[in-house]
2 protein chains.
Amino acid sequence: MKNRLKVLRAERDWSQQALADRLEVSRQSVNAIETGKYDPSLPLAFKIAEVFGLPIEEIFMPR
Amino acid sequence: MKNRLKVLRAERDWSQQALADRLEVSRQSVNAIETGKYDPSLPLAFKIAEVFGLPIEEIFMPR
DNA sequence: ACTCGATGTAAATGTCCCTTTACATAAGGT
DNA sequence: ACCTTATGTAAAGGGACATTTACATCGAGT
């Protein structure tokens, strides 16, 4: 799964910590997802989509 | 996460096994997801959406 | 030079996803 | 009655997700 987290975060000028706070997860989780260490759970993916106001498909994409 | 798997499957007259084959997962995984035992991983959610030709948001919903 | 925020990364830990194997029930067709 | 398909469920195991604590580097600002 590739994702556009870094760009979306940059567009809003949010730090990893600021995003982590909004998502109610750890900063390390945000960093791990952003750097492709692993994919978020489906509920977390929904929350990420909600926070950015975008459909999941516009944030995450296969390969 | 609630989901409409059972209905979507019924609309296409697919057994859990038939869906599992298309998704390349076990029948038990399909059953567990369908009965709410747990949520699919994000990659599997994408594959489910692809198989049904629907966006993830129209198959899965919070709560 | 020093501090501070932001980021990357690591180890240890606990939980969740998905598997295989297996057993049980219900419904339908022969 | 028997067989087959569909479904629900359970246990055990491996790998993936997410946590906390911790240390490191880098750039901006004072």
Side-chain angles (χ1 to χ4, degrees):
Chain A
M1 282 281 144
K2 258 181 60 67
N3 72 72
R4 308 203 321 116
L5 244 58
K6 192 165 192 168
V7 176
L8 294 172
R9 204 163 53 70
E11 286 175 355
R12 288 156 183 78
D13 196 25
W14 291 348
S15 67
Q16 291 184 345
Q17 182 63 65
L19 175 56
D21 290 345
R22 286 172 186 265
L23 297 173
E24 295 177 293
V25 298
S26 67
R27 178 182 68 80
Q28 283 78 354
S29 289
V30 169
N31 184 73
I33 292 165
E34 200 168 299
T35 58
K37 277 197 64 180
Y38 52 73
D39 300 318
S41 66
L42 186 58
L44 183 50
F46 263 86
K47 203 157 188 179
I48 292 171
E50 182 193 354
V51 160
F52 286 117
L54 292 170
I56 291 179
E57 283 86 350
E58 287 187 25
I59 303 177
F60 298 93
M61 44 274 226
R63 201 54 306 253
Chain B
M1 281 281 142
K2 258 179 60 62
N3 70 73
R4 309 201 320 115
L5 244 58
K6 192 164 190 167
V7 176
L8 295 172
R9 204 163 52 71
E11 286 175 355
R12 289 158 183 75
D13 195 26
W14 291 349
S15 67
Q16 291 183 345
Q17 182 63 64
L19 175 54
D21 289 345
R22 285 173 187 265
L23 297 173
E24 295 178 292
V25 299
S26 68
R27 179 183 68 83
Q28 284 78 355
S29 290
V30 169
N31 184 73
I33 292 165
E34 200 168 298
T35 59
K37 277 197 65 180
Y38 52 68
D39 300 318
S41 67
L42 187 57
L44 182 49
F46 264 87
K47 202 158 188 179
I48 291 170
E50 182 191 355
V51 160
F52 286 117
L54 292 170
I56 291 179
E57 283 85 351
E58 287 186 26
I59 303 177
F60 299 93
M61 42 276 222
R63 284 189 67 260

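Just so we're on the same page: letters track the sequence lines, and every chain starts at 1.
In this structure, CG of A/Asp39 is placed 9 Å from P of D/dA18, rounded to the nearest angstrom. Rounding to whole angstrom units, CD of residue B/Gln16 and C1' of D/dG8 are separated by 8 Å. Here D/dT7 presents its C1' atom at 15 Å from CG of B/Asp21, a figure rounded to the nearest Å. The separation between A/Leu42 atom CG and D/dA16 atom C1' is 15 Å, rounded to whole Å. Atom CD1 in B/Ile33 sits roughly 9 Å away from atom C1' in C/dC17 (whole-Å rounding). If you take CG of B/Leu23 and P of C/dC17, they are 16 Å apart, rounded to a whole angstrom. Distance CG (A/Leu19) to P (C/dA6): 13 Å, rounded to an integer number of Å. Atom-to-atom, CG of A/Asp13 to C1' of C/dA6 comes out at 11 Å; the value is rounded to the nearest Å.
Between A/Glu57 and B/Glu57, some side-chain heavy-atom pair lies under the 4.5 Å cut-off. Proximity of B/Phe52 to B/Arg12: side-chain heavy atoms (C-beta onward) are separated by under 4.5 Å at one or more points. Two residues are said to be in side-chain contact when any heavy atoms from C-beta on lie closer than 4.5 Å; A/Ser29 and A/Tyr38 meet this criterion. Annotation: side chain of A/Phe46 is in contact with side chain of B/Met1 (closest heavy-atom distance under 4.5 Å).
Side chain of B/Arg9 to main chain of B/Trp14: a donor-acceptor pair is present (N/O by atom type, distance under 3.5 Å, no hydrogens or angles). Using modelled atom types, one side-chain atom of A/Asn3 and one backbone atom of A/Ile33 make a donor-acceptor pair closer than 3.5 Å. Under a 3.5 Å cut-off, the side chain of A/Arg27 and the backbone N or O of A/Ser15 do not form any donor-acceptor pair.
Considering only the side chain of B/Asn31, D/dG8 comes nearest among C/dC18, D/dG8, D/dC17. For B/Thr35, the side-chain atoms get nearest to D/dT9 when compared with the rest of C/dC18, D/dT9, D/dA6.
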Between protein and nucleotides 19-30 of chain D, map the contacts as a letter string: B base, S sugar-phosphate only, - none, heavy atoms under 4.0 Å, written 5' to 3'.
BBBB--------
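Side-chain N/O atoms of A/Ser41 include one lying less than 4.0 angstrom from OP1 or OP2 on D/dA18. Put simply, B/Gln17 has no side-chain N or O that comes within less than 4.0 Å of OP1 or OP2 on D/dT5.
Nucleotides of DNA chain D nearest to B/Pro43 and B/Glu34 differ in position, and the one nearer the 5' end is that of B/Glu34.
Pairing each heavy atom of A/Ala49 with each of A/Ile56, the nearest pair is CB-CG1, 3.8 Å.
Taking a 4.0 Å limit (strictly below) on heavy-atom distances, residues 4-11 of chain B reaches DNA chain D at B/Lys6, B/Arg9.
A distance of 11.5 Å separates CG in A/Leu44 from CG in B/Asp39, rounded to the nearest 0.5 Å.
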